[in-house]
Amino acid sequence: MKEFMDENFLLETATAQELFHDHAAKMPIIDYHCHLIPQMVADDHKFSSITELWLGGDHYKWRAMRTNGVAEKFCTGKETSDWEKFEKWAETVPYTFRNPLYHWTHLELKTAFGITKLLSPKTAREIYDECNEKLKLPEFSARGLMRKYNVECVCTTDDPIDDLCWHKKTRESGFEIKMIPAWRPDKAMNIEKPDFADYMQKLAEVSGVEVDSFSHMADALQVRHDFFTANGCRLSDHGIEEFYDEPYTDGQIDAIFRKALSRQPLSDVEVRQYKHAFLKVCAEMDHDAGWTQQYHYGAIRDNNTHMFRQLGPDTGFDSIGEFTTAKSMSRFLDELNTEGKLTRTILYCLNPGANEMIATMLGNFQDGVTPGKIQFGSGWWFNDQLDGMTRQMNALSTLGLLSRFVGMLTDSRSFLSYPRQEYFRRLLCNLLGNDVEKGLLPHDMESLGRMVEDISYNNARNYFKFY
């Protein structure tokens with residue numbers, strides 16, 4: 001029987017172990033999509049307890065706790081103490097067998113705090129106290145944890161109206177780890193939301209452009225896009241339910257925009273027309289600035305209107321729906337490509353049944369100039385676990401070039417999420433190691449080692465042009 005989470009955790013062969021320990025483990029981390037709070041990096045935040053660091057803002061853990069029958073006050077409530085919340089999480093952990101949270105929890109305890117005990121009600125107080133004592137040390141601050149995990153660069157997720165003051169403060173402080181903003185203009189895209197008109201007013205104020213038409217809104221966004229570029233931004237990100245290819249005219253879009261400003265209801269077709277036009281304008285900006293664009297699609301958000309928070313992903317498309325999505329994606333990318341405006345692009349999907357479709361679609365728009373120009377993003381959200389990441393890499397391997405993959409990201413708000421990079425790298429090495437042992441790949445450790453180092457770090461460094 002193999003020991004739980006030993007040094008060769010997830011590494012089933014000698015080849016996999018060599019690839020991980022000699023190649024993957026030493027590579028720095030470029031976390032090109034995360035949700036860290038920039039102020040916490042700028043201020044080198046000191047965490048008051050393991051609860052703040054571990055459970056604050058972690059919807060993965062909250063979902064598990066709720067599923068285990070834990071009352072909401074122990075997840076997000078203000079009336080319960082840090083210890084009470086941690087105790088409830090410790091009660092939940094033994095019920096997370098085969099959920100990725102069980103692996104992540106113990107990998108984080110081990111790599112951050114050197115704790116190898118299993119978290120349970122019996123060990124909760126001991127682990128809580130030990131973590132809190134260590135959190136008093138300077139190396140466990142926000143910046144300290146980033147250094148501990150060999151982070152080289154993080155890209156936060158930022159609204160176009162953000163003043164990026166915390167990025168500037170961090171940059172001017174001389175902090176050696178790059179914190180780069182990433183443009184996330186969802187609020188300007190979601191024309192159907194009740195606060196759209198209010199957001200347009202805020203955009204007008206920060207840009208100095210009167211936003212009274214679609215073209216003027218695009219001008220205002222361009223001002224902010226230029227501001228982000230001047231502050232180091234090199235990539236955008238869009239959270240969309242699907243790709244949009246609804247035909248439109250400039251006159252139609254302007255009329256739709258004016259209706260939204262006057263808070264008139266819009267039809268589904270009008271919403272789709274606007275989102276198509278909006279994403280096209282943003283893509284053109286990204287291309288002209290030399291940015292990378294990311295599309296996270298397939299998430300149905302804000303499902304529980306009583307709780308007002310994200311509680312679940314899309315359950316997936318049926319075969320007809322997926323075919324429609326493929327056609328829309330193809331038309332949108334082709335529209336940009338035909339006009340010479342298709343920049344480097346990463347596609348992420350919540351439906352693993354679409355893996356082969358996406359991996360195939362990538363090949364339609366590679367340009368023969370930029371290696372891996374169109375990327376299949378790593379397993380995202382509820383797919384960033386053993387099965388989801390393995391399925392994504394298998395699809396990419398079969399239908400594209402895994403060797404050109406830009407690798408893993410955390411997509412997390414937590415400063416303890418970096419072990420997910422290690423988790424991914426172990427899975428990658430295991431995948432390749434198993435193929436070698438089966439005779440499916442040659443035992444060429446020079447080429448395999450280079451491939452692992454590239455996917456872990458080098459490809460992202462070369463692709464995003466942050467340096």
Is the shortest side-chain N to carboxylate O distance from [X] to [Y] below 4.0 Å?
{"X": "Lys169", "Y": "Asp43", "answer": "yes"}
{"X": "Arg331", "Y": "Glu335", "answer": "no"}
{"X": "Lys134", "Y": "Glu139", "answer": "no"}

Q. Leu416 and side chain to side chain contact (heavy atoms under 4.5 Å, CB included): which partner among Thr111, Leu109, Ile50?
A. Ile50

Between [Y] and [X], is there a side-chain donor-acceptor contact under 3.5 Å, judged purely by atom types and distance?
{"X": "Asn8", "Y": "His21", "answer": "yes"}
{"X": "Thr157", "Y": "Trp183", "answer": "no"}
{"X": "His33", "Y": "Asp411", "answer": "yes"}
{"X": "Arg98", "Y": "Tyr102", "answer": "no"}
{"X": "His225", "Y": "Asp288", "answer": "no"}
{"X": "Arg171", "Y": "Asn231", "answer": "yes"}
{"X": "His296", "Y": "Asp237", "answer": "yes"}
{"X": "His23", "Y": "Glu453", "answer": "yes"}
{"X": "Ser215", "Y": "Ser213", "answer": "yes"}
{"X": "Thr51", "Y": "Asp82", "answer": "no"}
{"X": "Asn99", "Y": "Thr96", "answer": "no"}
{"X": "Asp286", "Y": "Ser236", "answer": "yes"}
{"X": "Arg184", "Y": "Thr156", "answer": "no"}
{"X": "Gln392", "Y": "Asn383", "answer": "no"}
{"X": "Asp31", "Y": "Thr410", "answer": "yes"}
{"X": "Glu152", "Y": "Tyr467", "answer": "yes"}

Could you check if a side-chain atom of [X] sits within less than 4.5 angstrom of a side-chain atom of [Y], using non-hydrogen atoms only?
{"X": "Cys153", "Y": "Ile180", "answer": "yes"}
{"X": "His287", "Y": "Leu342", "answer": "no"}
{"X": "Thr345", "Y": "Leu347", "answer": "yes"}
{"X": "Pro185", "Y": "Pro160", "answer": "yes"}
{"X": "Arg425", "Y": "Val452", "answer": "no"}

Enclosure of [X] [atom1] (heavy-atom neighbours >12, cutoff 6.0 Å):
{"X": "Glu176", "atom1": "CD", "result": "yes"}
{"X": "Arg404", "atom1": "CZ", "result": "no"}
{"X": "Lys46", "atom1": "NZ", "result": "yes"}
{"X": "Asp195", "atom1": "CG", "result": "yes"}
{"X": "Leu399", "atom1": "CG", "result": "yes"}
{"X": "Glu210", "atom1": "CD", "result": "no"}
{"X": "Lys280", "atom1": "NZ", "result": "yes"}

Q | Partner of Glu192 by salt bridge (Lys or Arg N to Asp or Glu O under 4.0 Å), out of Lys275, Lys187, Arg272 | A |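 With Glu192 as partner, Lys275, Lys187, Arg272 yield a single salt bridge (Lys or Arg N to Asp or Glu O under 4.0 Å), made by Lys275.
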
Which atom of [X] lies closest to which atom of [Y], heavy atoms considered:
{"X": "Leu350", "Y": "Gly298", "answer": "CD1-O, 4.0 Å"}
{"X": "Met189", "Y": "Gly239", "answer": "CE-O, 3.6 Å"}
{"X": "Leu101", "Y": "Ala64", "answer": "CD1-CB, 3.7 Å"}
{"X": "Asp454", "Y": "Ser403", "answer": "CB-O, 4.4 Å"}
{"X": "Arg143", "Y": "Ser173", "answer": "NH2-OG, 3.1 Å"}
{"X": "Ala182", "Y": "Cys233", "answer": "CA-SG, 3.9 Å"}

Parallel, tilted or perpendicular: which describes the rings of [X] and [Y], with under 30° parallel and over 60° perpendicular?
{"X": "Tyr418", "Y": "Tyr149", "value": "tilted"}
{"X": "Tyr423", "Y": "Trp104", "value": "perpendicular"}
{"X": "Phe257", "Y": "Tyr274", "value": "parallel"}

Pairwise distance [atom1]([X]) to [atom2]([Y]) - rounded to 0.5 angstrom:
{"X": "Gln222", "Y": "Phe227", "atom1": "CD", "atom2": "CZ", "result": "14.5 Å"}
{"X": "Leu135", "Y": "Leu145", "atom1": "CG", "atom2": "CG", "result": "7.5 Å"}
{"X": "Glu12", "Y": "Asn434", "atom1": "CD", "atom2": "CG", "result": "5.0 Å"}
{"X": "Asp158", "Y": "His35", "atom1": "CG", "atom2": "NE2", "result": "10.5 Å"}
{"X": "Asn458", "Y": "Ile30", "atom1": "CG", "atom2": "CD1", "result": "8.5 Å"}
{"X": "Thr105", "Y": "Ile127", "atom1": "OG1", "atom2": "CD1", "result": "10.0 Å"}

Q: Determine, stepwise, if the pair Glu437 / Thr15 fulfils side-chain hydrogen bond (donor to acceptor under 3.5 Å, both in side chains).
A: CA-CA 8 Å; Glu437 297 292 334; Thr15 304; 2.9 Å; yes

Centroid separation under 6.0 Å, is that true for the rings of [Y] and [X]?
{"X": "Phe47", "Y": "His45", "value": "yes"}
{"X": "Tyr348", "Y": "Phe376", "value": "no"}
{"X": "Tyr244", "Y": "Phe332", "value": "no"}

Q.
The criterion is ring-ring contact (aromatic ring centres under 6.0 Å, His included); which residues satisfy it with Phe140, sequence neighbours excluded?
A.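 Checked Phe140 against ring-ring contact (aromatic ring centres under 6.0 Å, His included); matches are Phe113.
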
Q. With His238, which residues qualify under ring-ring contact (aromatic ring centres under 6.0 Å, His included), at least two apart?
A. Tyr295

**Q.** Test log, rule ring pair (Phe, Tyr, Trp, His ring centres under 6.0 Å), inputs Tyr32 and Tyr463
**A.** CA-CA 11 Å; Tyr32 55 88; Tyr463 183 81; 8.2 Å; no

Q: Check step by step if side-chain hydrogen bond (donor to acceptor under 3.5 Å, both in side chains) holds for Tyr199 and Asp159.
A: CA-CA 11 Å; Tyr199 181 81; Asp159 192 280; 2.5 Å; yes

Q: Mind running side-chain hydrogen bond (donor to acceptor under 3.5 Å, both in side chains) on Thr343 and Gln293 for me, showing each step along the way?
A: CA-CA 7 Å; Thr343 191; Gln293 59 187 359; over 6 Å; no

